[in-house]
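A note on names: the letters A, B, ... follow the listed sequences, proteins ahead of strands, and every chain is numbered from 1. Computed from a prediction, not measured in an experiment: that's the story for all the values here.
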There are 2 protein chains.
Amino acid sequence: MPQAVPRPTLQRLLRYLRELERLEAEGTPTIASDELGAAAGTTAHQVRKDLSCLGTLGRRGVGYRVGDIVPTLRAALALDRQWRVALVGAGNIGRALCAYRGFRERGFHIVALFDSDPRKEGCTWARLKVLPMGQLRRTVAELGVELGIIAVPATAAQGVADQLVAAGVRGILNFAPARIIVPPGVQVRSVDLAVEAEQLAFLVSAQSTQPPQP
Amino acid sequence: MPQAVPRPTLQRLLRYLRELERLEAEGTPTIASDELGAAAGTTAHQVRKDLSCLGTLGRRGVGYRVGDIVPTLRAALALDRQWRVALVGAGNIGRALCAYRGFRERGFHIVALFDSDPRKEGCTWARLKVLPMGQLRRTVAELGVELGIIAVPATAAQGVADQLVAAGVRGILNFAPARIIVPPGVQVRSVDLAVEAEQLAFLVSAQSTQPPQP
DNA sequence: ACGTGTGAAGTCGTTCACAGCG
DNA sequence: CGCTGTGAACGACTTCACACGT
């Protein structure tokens with residue numbers, strides 16, 4: 001049975017899948033854990049441990065058959081289906097996410113776009129009309145939206161999250177620099193662009209002041 | 001001496017700093033670890049352990065003086081200064097990052113903008129002219145750029161990283177869905193938007209198939 | 001003989017409990 | 001007495017070593 005997959009393992013599994021899809025496109029029939037590890041930036045040990053979370057996927061003495069495990073991984077990671085997404089916030093970030101090809105390529109379809117600013121209402125981006133927030137609940141229900149993306153200012157984030165949850169969304173990807181509280185049963189992942197930059201700055205700075213050990 | 005700060009601790013310290021700056025603006029003079037923990041979404045234990053990485057910052061029986069530790073935190077996290085940043089890639093993501101206020105508010109100034117597409121050359125975004133890649137090296141040196149942001153397609157990412165490193169950049173924030181290899185002494189942080197969505201999808205999906213324990 | 005799967009050992013981070021200072 | 005600082009216990013993830021299937 002698929003016992004819990006640790007978070008770090010999940011991230012790596014997604015990277016392995018990327019690499020394996022590339023190998024599949026190139027026609028590589030089989031790959032060993034050490035090669036996959038090198039391609040994904042980790043070790044053979046780690047690759048085997050991670051993949052073993054999902055069952056017995058390889059063949060001893062041979063390696064992993066690319067054609068076999070790509071579908072297995074896709075299914076295990078819930079990527080063998082399409083996800084309908086609502087995007088809230090038609091600002092700079094919202095516009096970029098709306099146009100981002102990476103989402104659609106991986107099965108994430110933004111099917112509705114909302115903004116509280118009436119001046120933006122009716123504008124069209126990437127074939128989507130900007131709808132007023134008042135229509136969020138009905139639209140999410142009608143279109144069967146399962147995931148929401150928040151791309152609004154920090155002060156508005158919690159309110160938007162509440163509305164998304166009330167509309168029945170099961171997961172939220174939050175780009176606002178604010179902590180969001182949701183009831184159990186709803187998943188949240190936050191991406192804070194400034195925090196990413198700040199982490200980088202710290203690492204750069206720490207490395208200058210602390211030269212590596214002798 | 002400031003011994004190594006674990007990565008998860010670093011992330012939390014940045015969140016504490018946000019909360020503390022808010023408290024400072026509100027005029028709160030002092031705060032205890034349990035309140036700060038609640039505000040930042042963690043525990044009092046964790047707050048004290050994290051802050052103790054940076055030295056003895058609190059007063060027993062009192063708590064932490066907001067006015068004291070905000071500057072201390074800023075200095076320890078290398079946020080008591082400005083960072084000059086070069087942005088490569090004038091596509092959707094690049095445009096959004098260029099206009100993103102959060103960076104400037106936190107001391108990250110995008111001072112140069114590059115794209116390999118000659119048609120975009122000379123366009124102006126947020127008071128920045130799009131420059132050709134050929135000018136990257138000289139411009140980075142002249143302006144004293146320390147950090148680079150990559151917002152180009154995956155296939156171009158490694159090449160851009162190489163050019164940034166050759167130009168003397170010390171850290172790279174990578175938004176391309178590709179692994180980037182840099183020499184030691186250069187820091188990289190990657191943000192893969194599709195992977196974030198994929199993780200969310202997995203968590204939502206896993207929760208449906210595995211109801212919580214009895 | 002080769003490469004996977006996996007228990008065991010090791011490392012890192014979190015949680016805890018209480019001593020210690022204001 | 002209140003709240004911090006911190007060593008110690010705990011738990012999670014990683015690294016390792018080797019048995020096992022092909």
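One can place CZ of B/R7 at 15 Å from C1' of D/dC13, the figure rounded to the nearest angstrom. In this entry the distance linking CZ of A/R65 with P of C/dG3 reads 14 Å, nearest Å. Summarising the geometry, the separation between CD on A/Q46 and P on C/dG10 is reported as 18 Å, rounded to the nearest angstrom. One can place CD of A/Q11 at 15 Å from C1' of D/dT14, the figure rounded to the nearest angstrom.
A/R7 pairs by the side chain to side chain donor-acceptor pair (under 3.5 Å) definition with nothing, not counting sequence neighbours. Residues satisfying the ring-ring contact (aromatic ring centres under 6.0 Å, His included) criterion with A/F202, sequence neighbours excluded, are absent altogether.
Under the 3.5 Å distance criterion, the side-chain polar atoms of A/Q207 are matched with a main-chain donor or acceptor of B/G185.
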Check nucleotides 1-6 of chain D against the protein and report each pair of N or O atoms closer than 3.5 Å, with its distance, or say if there are none.
from	atom 1	to	atom 2	distance (Å)
D/dG2	N2	B/G61	N	3.3
D/dC3	O4'	B/G61	N	3.1
D/dC3	O2	B/G61	N	3.4
D/dT4	OP1	B/S33	N	2.6
D/dT4	OP2	B/S33	OG	2.6
D/dT4	O2	B/R60	NH1	3.2
D/dG5	OP1	B/L57	N	3.0
D/dG5	OP1	B/G58	N	2.8
D/dG5	OP2	B/Y64	OH	2.7
D/dG5	O4'	B/R60	NH2	3.1
D/dG5	N7	B/R48	NE	3.0
D/dG5	O6	B/R48	NH2	3.0

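The listed nucleotides are D/dT14, C/dT14, D/dC13; the one nearest the side chain of A/R12 is D/dT14.
Applying the salt bridge (charged side-chain N to carboxylate O under 4.0 Å, His left out) test to pairs two or more places apart or on separate chains, none has a residue in residues 171-184 of chain A. Applying the side chain to side chain donor-acceptor pair (under 3.5 Å) rule to pairs touching residues 143-167 of chain B yields B/R81-B/E146, B/Q158-B/D162, sequence neighbours excluded.
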Side chains of residues 55-71 of chain A: which donor-acceptor partners sit under 3.5 Å, not counting sequence neighbours?
none

